[in-house]
Amino acid sequence: MRISLLCRGLGFGLGFLAAACTPGGPQTETSSESDSDACQPGSLNCVCEANGCDPGLVCASGFCVEDGSGSSEATLTTSTSSPTSATETDPGTTDPTGPTVTTETPQCDDGPGVSQQCPETAPYCLAEGVCADCSGLTSCADIDAGAPACDAASGLCVECTEADASACGGNTPVCDAADNTCAACTDHEQCPSGACNIATGACFEDALWVDGQADCGGDGSEDAPFCEIQDAIAVIGTGKPTVVHVKPGPSYKTKIDVGSNLVVAIVGDGPSPAIDVDVDALLVNDDARVYLKDLRFIGSSMSAGNALVCLNAEVWADKVEFSSRESVAIDTIGCALQIRRSRVYANQGGGIRIDKGQTRIENSFITSNGGNFAQYGGIHVVTGDLDVVYSSIIGNNSDANADSLHCNDPGTIRLRNVVLFGQSQLTSVTCDGATVSDSLVDSSVLAGRNVTVEGAAQSAWFENAAGGDFHAKAGAPFAELGRWRTGDPAVDYDGDPRPDVDMSPDWAGADRLP
């Protein structure tokens, strides 16, 4: 509270003085030269006039004062409390034409840094003794090295913001804007290098480049790229995770052989580059970890073998097409396989064969694989675990086994939010112990919670079933059959957002209409 003392025209902030000095107050007296005894220096019981003081005294602000000591009006201001933040001000009680004498009590004296004396909205005590939010600090890092970023929304120093993730790195390179903390990467797009080591949460840093149109003999730098992907793989050492950027252009023809214990990301750098290799196109050996993104494994000859063979290793495929291979497209033995937003299409030898290990398929199309004389159809599980969510398994065919899903001695088999149709209800599925939910299928073998069984798929449900395009069309019976659960993919095959509320209805299958 500020107390101001002013007489004549300025008023009083102090109640007991107001009555004595305010013109018209109950004790106001008018002084004159003939009655100067009533107005002595410091007297509060009168109001002097211009010539109403004794010799040697002058009238200033209604008081008789020593000549020269009160020749102009003055304001006396004291402070017994302070504003709650650096931006607050008190109503003015001073005369703008006269000098001001101010005694301020500091807002805080336990800075610099977080103060116990400051409010939550301005929690930092600055060197000047005032409270402020983080925008008033020279540097958040000076206050707390673990919270070097200023969050404008909350006014607090935090670990990171979308604009300042300088504190993030290692296995937590990404700023989670929801709580302003550093987090592991989960998608390749989150990393400046274009590749995330999803198993560890770190972004790839070391990089090599490949361009099939470049002169062979380069060193793998961006200015002098290799001309085959295998050239880059051959120079990567154990313990040095490396991303290989692959330019589009002519198809790459050399088999890719990833040695044991290597950690590699092979990423298309432009419209999905094509890998068209006779026999097997990609072999991933024991304990290696390989990430594939924005690539096309295709087959243009009768000798095109497997697109991918994984032996006791780990493979992540994001936005990858495996198509037109003469053998089963993906063959895994003891492999941890993750297939996301990918397409396994029209491979004459079959789609995916799983022997031991764990496989997860999400937001993907497994369609039109196998044929009348094929051993494998869509997915064949010798043994091992399989988890399929938000995927379309349609139009596959096998002469020797079930069309859509065949299991010999499986582990845990779970299907959720899927659309599944083979050549017929009788030949579509053979898989004891499989559980299914929130799906549209053609086989009563897969009956489960919230499962609709239809005898056959209708071409009207899809964009161009005859041409292999099984994107959904309006009116399809699986429009709200799926159920989105916390932890499910945030988008569909095309990147269209899915619901983000637990148990919300959603399209089953890989595609949803926006």
Side-chain angles (χ1 to χ4, degrees), residues 195 197-200 228-244 246 252-267 275-293 295-299 303-318 320-323 325-340 342 344 347 349-361 364 366 369 375-376 378-388 401 406-413:
N197 192 345
I198 300 171
T200 67
E228 283 288 349
I229 299 171
Q230 181 56 29
D231 295 336
I233 301 299
V235 300
I236 298 173
T238 302
K240 191 174 183 180
T242 303
V243 55
V244 178
V246 182
Y252 293 91
K253 297 291 187 180
T254 302
K255 179 181 179 179
I256 305 167
D257 190 339
V258 180
S260 299
N261 299 302
L262 295 185
V263 179
V264 178
I266 306 174
V267 176
I275 300 166
D276 184 1
V277 181
D278 287 346
V279 299
D280 298 338
L282 170 62
L283 173 63
V284 182
N285 291 282
D286 293 353
D287 298 317
R289 184 186 308 133
V290 174
Y291 298 94
L292 307 172
K293 177 177 175 288
L295 300 169
R296 290 188 301 131
F297 289 86
I298 62 175
S303 58
N306 307 118
L308 165 64
V309 177
C310 178
L311 303 175
N312 302 309
E314 187 174 350
V315 175
W316 298 68
D318 284 85
V320 179
E321 179 176 315
F322 303 89
S323 64
R325 305 297 293 184
E326 292 298 315
S327 296
V328 62
I330 300 173
D331 196 355
T332 71
I333 300 175
C335 190
L337 175 66
Q338 299 267 351
I339 300 176
R340 310 192 299 184
S342 294
V344 183
N347 297 282
I352 304 171
R353 179 182 179 273
I354 301 164
D355 188 0
K356 299 185 261 316
Q358 300 84 37
T359 297
R360 178 176 171 86
I361 303 170
S364 294
I366 315 297
N369 296 288
Q375 181 177 1
Y376 305 112
I379 303 174
H380 186 101
V381 181
V382 179
T383 185
D385 299 331
L386 173 65
D387 188 13
V388 184
N401 298 289
H406 185 94
C407 305
N408 291 347
D409 184 20
T412 301
I413 308 295

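This structure is a prediction, so every number in the text was calculated from the model and none was measured.
- At a threshold of 4.5 Å between non-hydrogen side-chain atoms, the residues Leu308 and Val320 do not count as touching.
- One distance of note links NZ of Lys356 with CG of Asp409; it measures 10.5 Å at 0.5 Å rounding.
- The minimum heavy-atom distance between Phe322 and Ala307, with the atom names listed, is CD2-CB, 3.7 Å.
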Stepwise side-chain contact (heavy atoms from CB on, under 4.5 Å) test for Ile236 and Val244: CA-CA 10 Å; Ile236 298 173; Val244 178; 4.0 Å; yes

Go through the steps to decide whether His406 and Ile379 satisfy the test side-chain contact (heavy atoms from CB on, under 4.5 Å), and finish with yes or no. CA-CA 6 Å; His406 185 94; Ile379 303 174; over 6 Å; no

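- With rounding to the nearest 0.5 angstrom, the CD1 atom of Ile333 is 9.5 Å from the SG atom of Cys310.
- Asp387 CG to Gln338 CD: the interatomic distance, rounded to the nearest 0.5 Å, is 9.0 Å.
- To the nearest 0.5 angstrom, His380 atom NE2 is 5.0 Å from Asn401 atom CG.
- If you take CG on Leu386 and SG on Cys407, they are separated by 7.0 Å, rounding to the nearest 0.5 Å.
- Val267 approaches Ala195 most closely through the heavy-atom pair CG2-CB, 4.2 Å.
- For Lys240, the NZ atom counts as loosely surrounded, since its 6.0 Å shell holds 12 or fewer non-hydrogen atoms of other residues, nucleotides or ligands.
- The residues Asp318 and Lys293 are annotated as not salt-bridged, no charged nitrogen and carboxylate oxygen being separated by less than 4.0 angstrom.
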Identify every side-chain donor-acceptor pair in residues 279-290 under 3.5 Å, counting partners at least two apart or on other chains, and give the distances.
residue : atom : partner : partner atom : Å
Asp280  : OD1  : Asn306  : N            : 3.0
Asn285  : ND2  : Asp257  : OD1          : 2.8
Asn285  : ND2  : Val258  : O            : 2.8
Arg289  : NE   : Glu314  : OE1          : 3.4
Arg289  : NH1  : Asn197  : OD1          : 3.0

When you look at Ile266 and Ile256, which way does the side-chain contact (heavy atoms from CB on, under 4.5 Å) test go after all the steps? CA-CA 10 Å; Ile266 306 174; Ile256 305 167; 4.3 Å; yes

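- In this structure the side chain of Leu337 never reaches within 4.5 angstrom of the side chain of Gln358, judged on heavy atoms.
- For the pair Thr332/Asp355, no side-chain contact is recorded, criterion being any heavy-atom separation below 4.5 Å from C-beta on.
- Nearest heavy atom pair, residue Ile413 against residue Gly384, reads CD1-O, 4.0 Å.
- Contact record, Gly411 with Asp385: CA-OD1, 3.3 Å, taken as the closest heavy-atom pair.
- When all heavy atoms are compared, the tightest approach of Asn369 to Gly351 is CB-N, 3.6 Å.
- Note that CD1 of Ile330 and OG1 of Thr359 are 9.0 Å apart. Values are rounded to the nearest 0.5 Å.
- Nearest heavy atom pair, residue Val277 against residue Tyr252, reads CG2-O, 3.7 Å.
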